[in-house]
Amino acid sequence: MISWFHLRMTDRPYKNGTRRGKHKEPNRVALFFISLRPLFLTILLFVVGCDISRHYDAAMILADIDRVESTVSKANQRTVNFIVHGQSYTGHLYLPKGTVRAGVVVIPGAAEKGLEDRRLIAFATALSRVDLAVFVPDLPSLRELEVNSGNIQEIEAAILFLAGRKEFAPQGRTGLVAFSYTAGPAVLAACKPSIASKISIILTIGGYYSLPDVLTFITTGDFQVNDAWQHIKPSPYGQWVFVKSNLRHLDDQADRALFRQMINRKKTDFDLSVDDLVQQLGLQGRSLYSFISNRDRRHVETLYADLPVAMRAEINRLDLASNDLDGLEASLILVHGYDDTIIPFSQSAELDQALPPGQADLYLVD
């Protein structure tokens with residue numbers, strides 16, 4: 001599909017289960033770019049037997065990523081509107097100057113700037129510079145920091161749009177790139193019969209496999225590697241994205257309003273107290289706050305069972321471990337940072353192990 005996606009590199013085996021390098025907490029929004037630098041650099045240094053154009057493509061992408069903090073250009077960006085199954089959608093399309101080699105759909109992460117995030121623009125532009133037509137759909141919920149099962153249908157629509165346009169996807173198939181929590185909806189969308197054969201390869205950055213395990217991590221910092229517990233201090237950001245994504249499952253509107261006040265307060269400073277608001281919560285609201293404020297993994301299962309039924313049902317819809325992935329035809333490249341404080345690196349490793357041998361390539365990076 002995309003030549004540089006198919007390059008291979010040798011990485012430390014996951015079975016080692018140990019972490020290398022001094023522990024640090026990188027800025028989450030820069031994690032993707034931090035993680036891809038060693039990936040593409042390794043491609044440049046160690047891959048042999050590939051034609052020179054692949055090295056050039058990798059070098060171009062690496063150079064563009066290194067310039068991500070500079071002013072980005074929207075010269076090759078255009079807004080498109082389309083309809084799939086009677087539903088209207090929109091997004092940004094990035095086209096190369098020359099002939100389109102292939103198409104790729106890039107799903108933005110949960111970020112308030114959405115399509116206008118300069119890092120996202122820089123990444124899409126970098127891909128378009130190596131003759132790819134890049135489509136970034138607008139997923140309104142992600143701009144509200146809400147990941148939900150409705151994103152699956154939106155991703156399906158984006159694939160149908162791009163794959164159905166020969167001028168953007170000459171082979172009638174596309175690639176798919178997803179970040180962090182959107183990796184789950186992306187993989188689930190790729191399992192749908194309507195688009196399974198239209199996706200050749202999926203690249204996930206910091207994705208997940210088991211949402212219940214991720215929830216254990218974002219509340220306690222604990223996660224398992226080869227049946228042994230490890231600990232990293234989690235970012236509070238993950239806890240409040242979870243809250244924001246699930247407010248609609250609280251029956252009491254007063255509880256929803258109180259949590260919105262908490263979120264606004266935490267956006268200013270995660271260390272600010274919300275005790276005054278917690279005291280006003282109803283039964284469901286207290287169950288949610290008790291869950292996200294718990295720091296002992298021994299209590300996670302009990303507190304999870306106390307969450308509203310609708311909330312647990314939504315988690316199940318987005319949980320790759322609870323869903324049938326047999327319909328997945330695409331190959332996967334799974335990239336994850338060892339020091340990810342939102343989703344632990346073990347999640348990408350578990351997804352790799354859950355898939356048939358050879359379907360996924362796993363790259364764990366410092």
Side-chain angles (χ1 to χ4, degrees), residues 14 17 28 109-110 141 145-152 178-189 191 204-250 259 284-326 328 332 334 336 340-355 360 362:
Y14 170 68
R28 174 61 186 175
S141 68
L145 306 184
E146 298 176 14
V147 181
N148 59 63
S149 56
N151 298 144
I152 298 172
F179 303 89
S180 192
Y181 284 108
T182 62
V187 170
L188 291 171
C191 293
T204 69
I205 314 298
Y208 69 84
Y209 176 62
S210 168
L211 269 183
D213 288 350
V214 172
L215 294 178
T216 298
F217 172 75
I218 66 173
T219 54
T220 70
D222 294 340
F223 63 103
Q224 285 186 294
V225 176
N226 298 327
D227 297 324
W229 286 101
Q230 295 194 19
H231 180 86
I232 296 177
K233 183 180 179 181
S235 169
Y237 180 82
Q239 299 164 18
W240 293 100
V241 166
F242 172 71
V243 170
K244 190 76 160 54
S245 297
N246 287 278
L247 286 185
R248 67 189 186 283
H249 300 304
L250 294 177
F259 272 112
Q284 285 189 340
R286 285 183 178 273
S287 71
L288 176 56
Y289 187 79
S290 295
F291 181 79
I292 65 165
S293 60
N294 169 59
R295 300 294 177 259
D296 189 335
R297 69 170 182 265
R298 294 172 298 179
H299 301 322
V300 171
E301 186 175 351
T302 299
L303 293 170
Y304 181 81
D306 289 338
L307 292 175
V309 173
M311 193 176 297
R312 286 184 280 124
E314 175 71 350
I315 293 170
N316 190 69
R317 284 190 287 268
L318 288 168
D319 181 28
L320 299 186
S322 299
N323 283 275
D324 185 1
L325 303 183
D326 288 345
L328 190 61
L332 285 84
L334 312 174
H336 215 125
D340 191 336
T341 60
I342 300 293
I343 298 175
F345 69 87
S346 57
Q347 286 296 303
S348 286
E350 288 180 19
L351 176 55
D352 175 49
Q353 294 172 350
L355 295 172
L362 173 67

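Residues take their numbers from the sequence shown, with the count starting at 1.
Within the structure, the salt bridge (Lys or Arg N to Asp or Glu O under 4.0 Å) test picks out the following pairs touching residues 214-226 (sequence neighbours left out): Asp222-Arg297. Residue pairs that meet the side chain to side chain donor-acceptor pair (under 3.5 Å) test with at least one member in residues 207-217, sequence neighbours left out, are Ser210-Asp213.
One distance of note links CG of Asp352 with CG of Leu334; it measures 6.0 Å at 0.5 Å rounding. Here CG of Asn294 is found 7.5 Å from OG1 of Thr220. Values are rounded to the nearest 0.5 Å. A distance of 9.5 Å separates CD1 in Ile343 from OG1 in Thr204, rounded to the nearest 0.5 Å. The distance from the CD atom of Gln284 to the NE2 atom of His249 is 11.0 Å, given to the nearest 0.5 Å. A distance of 11.0 Å separates OG of Ser348 from CD of Gln353, quoted to the nearest 0.5 Å.
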* **Verdict with reasoning, Gln347 to Asp340, per side-chain contact (heavy atoms from CB on, under 4.5 Å)** => CA-CA 11 Å; Gln347 286 296 303; Asp340 191 336; over 6 Å; no
* **Evaluation steps, side-chain contact (heavy atoms from CB on, under 4.5 Å), between Phe242 and Val214** => CA-CA 10 Å; Phe242 172 71; Val214 172; over 6 Å; no
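Residues Ile342 and Gly238 approach most closely at CD1-N, 3.9 Å, considering heavy atoms. Between Pro344 and Phe217, the shortest heavy-atom distance links the atoms CD-CD2, 3.4 Å. Arg295 and Gln239 make their closest contact through NH2-OE1, 3.5 Å (heavy atoms, listed as atom of the first residue, atom of the second, distance). Minimum heavy-atom separation, Phe259 to Leu250: CD1-CD1, 3.7 Å. Asn151 and Pro185 get closest at one heavy-atom pair: CB-CB, 4.0 Å.
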Without placing hydrogens or testing angles, list every side-chain donor-acceptor pair under 3.5 Å for residues 298-309, not counting sequence neighbours.
from: Arg298; atom 1: NE; to: Asp296; atom 2: OD1; distance (Å): 3.0
from: Arg298; atom 1: NE; to: Asp296; atom 2: OD2; distance (Å): 3.2
from: Arg298; atom 1: NH2; to: Asp296; atom 2: OD2; distance (Å): 2.7

For a quick test of your reading: what N or O donor-acceptor pairs under 3.5 Å do the side chains of residues 317-325 make, sequence neighbours left out?
from: Arg317; atom 1: NE; to: Glu314; atom 2: OE1; distance (Å): 2.9
from: Arg317; atom 1: NH2; to: Glu314; atom 2: OE1; distance (Å): 2.8
from: Asp319; atom 1: OD1; to: Leu211; atom 2: N; distance (Å): 2.9
from: Asp319; atom 1: OD1; to: Ala321; atom 2: N; distance (Å): 3.3
from: Asp319; atom 1: OD2; to: Ser322; atom 2: N; distance (Å): 3.4
from: Asp319; atom 1: OD2; to: Ser322; atom 2: OG; distance (Å): 2.5
from: Ser322; atom 1: OG; to: Asn316; atom 2: OD1; distance (Å): 3.3
from: Asn323; atom 1: ND2; to: Asn316; atom 2: O; distance (Å): 3.0
from: Asn323; atom 1: ND2; to: Asp319; atom 2: O; distance (Å): 2.6
from: Asp324; atom 1: OD1; to: Asp326; atom 2: N; distance (Å): 2.9

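Considering only residues two or more places apart in sequence or on other chains, Thr182 meets the side-chain contact (heavy atoms from CB on, under 4.5 Å) condition with Ile107, Leu142, Ala178, Phe179. Contacts of Val241 classified as side-chain contact (heavy atoms from CB on, under 4.5 Å), with partners at least two apart in sequence or in another chain: Tyr237, Ser245. Listed by chain and residue number, nothing satisfies the side-chain hydrogen bond (donor to acceptor under 3.5 Å, both in side chains) test with Thr219 (two or more places apart in sequence, or in another chain).
Within the 4.5 Å cutoff, the side chain of Leu288 has no heavy atoms near those of the Asn246 side chain.
In this structure a side-chain-to-backbone donor-acceptor pair under 3.5 Å is present from Ser141 to Glu146. In terms of modelled atom types and a separation under 3.5 Å, the side chain of Ser290 and the main chain of Ser287 share no donor-acceptor contact.
Aromatic ring orientation, Trp240 versus Tyr289: tilted (interplanar angle from 30° to 60°).
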